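Quick notes on the structure that follows.
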Amino acid sequence: MPEKDKYYVTTPIYYVNDKPHIGHAYTTILGDVLARYSRLLEIPTFFLTGTDEHGQKVFEAARRHQIEPQEQCDRTVVRFQELWRKLEITHDDFIRTTETRHVKVVQKILADLYARDQIYAADYEGWYCVGCERFFTEKDLLEGKCPECGRGVDQIVERNYFFRMSQYRDWLIEYIESHPEFIQPAHRRQETLGFLRSPLNDLCISRPKSRMSWGIELPFDRDYVTYVWFDALVNYISAVGYLADDARFARWWPASCHLIGKDILTTHTVYWPTMLKAMGLPLPRTVFAHGWWLVGRDKMSKSLGNVVNPMDMAANYGVDPFRYFLMAEMTLGQDASFTEDAFFNRYNADLANDLGNLASRVTRMIERNLEGVLPGAAPRSEAEAELISATLGAVAAMRENLVAMRIDRGLSEAMAAVREGNRYFEQNAPWKLARNGDQEELRRVLYHAAECLRIVSGLLYPVMPGKMAELRSSLGLSDHEIAPHIDKLAHWGAERPPVSVKPLAALFPRIDVAKALAESAAEPAVADSAKAAAPKAQAKTKAATTVEGVIVEYADFTKIQLRTARITAAERIEGADRLLRLQIDIGDEARQIVAGIAAFYQPQELVGRTVIVVANLKPARIRGVESRGMLLAAKQDDGSLRLLTVDGETAPGTPVG
Ligand code: MSP
């Protein structure tokens with residue numbers, strides 16, 4: 001954050017087709033941490049987040065839940081807002097793309113671009129799957145068939161509207177090359193330049209309502225809605241008053257930093273700059289793409305069932321340790337791996353052993369030996385030299401690392417200062433000074449140890465606001481000093497009146513790793529691939545259930561993903577009397593499965609029913625027909641079958657367990 005006059009930072013706006021996961025939480029916590037550091041540096045700051053509420057994904061989610069799209073948005077947006085409250089996110093605004101303030105701006109931009117011939121109508125050719133009601137390009141198809149359901153597709157020529165993006169290609173290449181700060185990190189800049197080596201097409205910015213009606217209506221053609229990205233990207237300017245409040249817009253635009261995940265690089269570094277250019281607006285200073293959180297070594301996905309729920313993490317391990325782990329563990333720009341093992345290790349090493357330990361030792365000794373009063377000043381000697389240099393060095397390092405977007409490095413310097421604090425404590429052994437009645441020396445050592453804590457707690461405050469506020473208040477800082485300011489942090493030993501210190505027993509109680517792993521194995525808050533192998537811990541929780549002599553560990557059981565599915569079509573398979581071919585809707589995808597139930601159910605009585613399927617069964621070919629999953633049924637003594645189903649209305653894809 002090199003600018004001094006302002007810092008405007010944004011997160012992507014998240015789709016409201018599903019509840020938030022650790023990936024969403026990560027980008028938003030990152031934005032929050034940067035915004036809080038910027039405020040600490042006394043730079044006027046504006047932090048924006050929000051939700052992307054139009055388009056196919058949200059439309060389909062609504063259809064799956066059999067509700068109106070707006071209802072889908074209204075129900076899901078609160079899950080994001082609740083999570084941000086829980087995670088102590090301090091955004092200055094939350095924009096929803098269904099809000100009038102946004103819709104109006106998108107329509108004004110479209111009308112203007114259309115009037116200036118930056119948008120034109122033309123025919124779009126592609127392939128359409130009637131069953132899935134989806135449009136695919138030639139390269140999306142799998143052996144000429146629909147990539148979703150495997151059925152035949154029709155070639156369609158459809159009238160649409162296009163933005164003249166292609167004409168900006170040369171300008172964009174030139175801009176990216178002459179503004180190295182625009183796309184970061186550098187390897188992402190190369191990725192975009194690589195993309196721009198091929199010819200750039202014009203961008204199709206409309207969807208006919210007959211196919212997908214959930215979006216912002218085009219101001220010049222009521223039969224169409226706006227393509228979701230052309231609508232979503234505009235949030236970054238509509239939220240700060242574009243075409244509505246000129247002074248506010250001039251105050252904040254251009255943005256200092258758009259934080260994004262690497263998955264949405266092209267939209268932010270090709271679509272968005274060309275859109276802004278066409279509107280005659282300056283580009284954001286930086287688009288910063290971070291890597292992915294993997295779970296263990298796997299990509300996180302609903303179908304793998306390894307999605308980490310940030311609400312559970314915060315509830316189980318605390319908001320601040322969760323925020324700290326995410327910030328300390330990921331080197332910005334690269335992928336990082338989430339495992340409970342890594343979380344517990346980092347927590348115990350950095351927070352419980354180093355920081356928590358120093359905080360409780362210092363505050364307790366002040367309470368016991370100085371009647372709870374921390375002196376306002378103390379002389380400084382050679383003994384403090386390293387402590388002061390490590391602590392003030394950490395402040396300077398954090399400033400530099402923030403500019404380089406290396407928060408992990410900044411944090412490790414802060415932790416090095418904490419370790420120096422513990423070393424100083426050991427070396428100067430205040431307990432011996434207390435025993436010998438050397439009050440003056442004792443006051444000196446405790447004063448400087450507390451000074452290290454005061455500065456470090458300020459430095460860590462943007463990452464762990466709750467716990468650091470607790471620590472700062474226990475060190476006797478007044479309410480208005482809890483949120484730190486840079487001038488106080490960059491200064492050792494500012495004279496102030498003596499203050500009362502409240503002892504802190506355990507700021508970060510140590511986690512018993514074996515016990516915690518055993519508990520989490522019994523109650524899965526995180527996916528199996530994130531769990532560490534803990535044979536001893538798991539042995540303790542051995543499942544008591546015995547089924548004909550077979551005992552299954554709970555962790556093994558959770559590997560089987562059971563989900564609800566709605567049967568959308570059923571037919572007999574020629575030459576196979578017992579088998580039915582079923583098409584099912586499993587929430588996030590359509591699948592085909594083969595079931596040996598033809599003797600017990602007529603195809604037509606199955607359509608529309610909700611059943612339970614094993615979703616992660618290895619795909620197989622049964623009598624030459626592909627089957628991806630398995631139905632569950634109860635087999636009675638007489639050999640007849642009864643399908644397992646659910647007690648009441650349930651959305652397809654709901655996990656069963
Ligand atoms: N709605 C679009 C963004 C429009 S911005 C004008 C979108 N939404 S999303 O809900 O899919 O969220 C995508 C963002 O979530 C990613 O860019 C990234 O910031 C974050 N993450 C989603 N999964 C992630 C991981 N596994 N790891 C880290 N972050 C990831 O795309």
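One-based numbering, in listed order, for ligands and for the atoms of each. It should be emphasised that the depicted structure is a prediction, and the values quoted were computed from it without experimental measurement.
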Quick check: [X] and ligand 1, any N/O pair under 3.5 Å apart?
| X | result |
| --- | --- |
| Gly261 | yes |
| Tyr14 | no |
| Trp292 | no |

Would you call [X] and [Y] a salt bridge, using N to O less than 4.0 angstrom?
| X | Y | result |
| --- | --- | --- |
| Arg406 | Asp408 | yes |
| Arg628 | Glu589 | yes |
| Arg409 | Glu413 | no |

- Hey, which atoms in ligand 1 end up nearer than 4.0 Å to a heavy atom of Met300?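 Under 4.0 Å from Met300, ligand 1 has these atoms: 26 (N).
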- For ligand 1, which atoms have a heavy atom of Gly291 less than 4.0 angstrom away?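 Here the atoms of ligand 1 in question are 28 (C).
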Look at [atom] and say which protein heavy atom is nearest, naming residue and atom and giving the distance to 0.1 Å.
| atom | value |
| --- | --- |
| atom 15 (O) of ligand 1 | His24 CD2, 3.5 Å |
| atom 27 (N) of ligand 1 | Trp293 N, 2.8 Å |
| atom 6 (C) of ligand 1 | Tyr236 OH, 3.6 Å |
| atom 13 (C) of ligand 1 | Asp263 OD2, 3.9 Å |
| atom 22 (C) of ligand 1 | His21 CE1, 3.5 Å |

Among the heavy atoms of [X], does any lie under 4.0 Å from an atom of ligand 1?
| X | answer |
| --- | --- |
| His290 | yes |
| His268 | yes |
| Trp272 | no |

- Apply side chain to side chain contact (heavy atoms under 4.5 Å, CB included) to the pair Val9 and Leu259, showing each step before the final yes or no. CA-CA 7 Å; Val9 61; Leu259 294 170; 4.0 Å; yes
- Does any N or O in the side chain of Asp202 come within less than 3.5 Å of the main-chain N or O of Met165, such that one atom is a donor and the other an acceptor?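 Here the side-chain-to-backbone pair exists.
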- Message: I'd like to know if the side chain of Asp32 and the backbone of Thr28 have a donor-acceptor N/O pair within less than 3.5 Å.
- Response: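 Side chain of Asp32 to backbone of Thr28: no pair is present.
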- Going by heavy-atom distance to atom 5 (S) of ligand 1, choose the closest among Asp52, Ile22, Ile13.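 Comparing heavy atoms across Asp52, Ile22, Ile13, the nearest one to atom 5 (S) of ligand 1 lies in Ile13.
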- Nearest heavy atom to atom 18 (C) of ligand 1 wins, so pick from Leu294, Thr27, Asn235.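 It is Thr27 whose heavy atom sits nearest to atom 18 (C) of ligand 1.
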- Between Tyr15 and ligand 1, find which residue part has any heavy-atom pair under 4.0 Å and reply side chain, backbone, both or neither.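 Within the 4.0 Å criterion, Tyr15 contacts ligand 1 through backbone and side-chain atoms alike.
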- Task: For a side-chain contact (heavy atoms from CB on, under 4.5 Å) with Tyr168, tell me which candidate from Leu276, Ile173, Thr274 qualifies.
- Result: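 Filter result, single survivor: Thr274.
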- Item | Reference residue Phe230; test side-chain contact (heavy atoms from CB on, under 4.5 Å); the match among Leu110, Thr267, Val106 |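 Of Leu110, Thr267, Val106, side-chain contact (heavy atoms from CB on, under 4.5 Å) with Phe230 is met by Leu110 alone.
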- Message: Restricting to ring pair (Phe, Tyr, Trp, His ring centres under 6.0 Å), what partner residues turn up for Tyr175, sequence neighbours left out?
- Response: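 Residues passing ring pair (Phe, Tyr, Trp, His ring centres under 6.0 Å) with Tyr175: Trp171, His179, Phe182.
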- Only one of Asp52, Asn235, Asp74 forms a side-chain hydrogen bond (donor to acceptor under 3.5 Å, both in side chains) with Arg96, so which one is it?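 Per the side-chain hydrogen bond (donor to acceptor under 3.5 Å, both in side chains) rule, the option paired with Arg96 is Asp74, out of Asp52, Asn235, Asp74.
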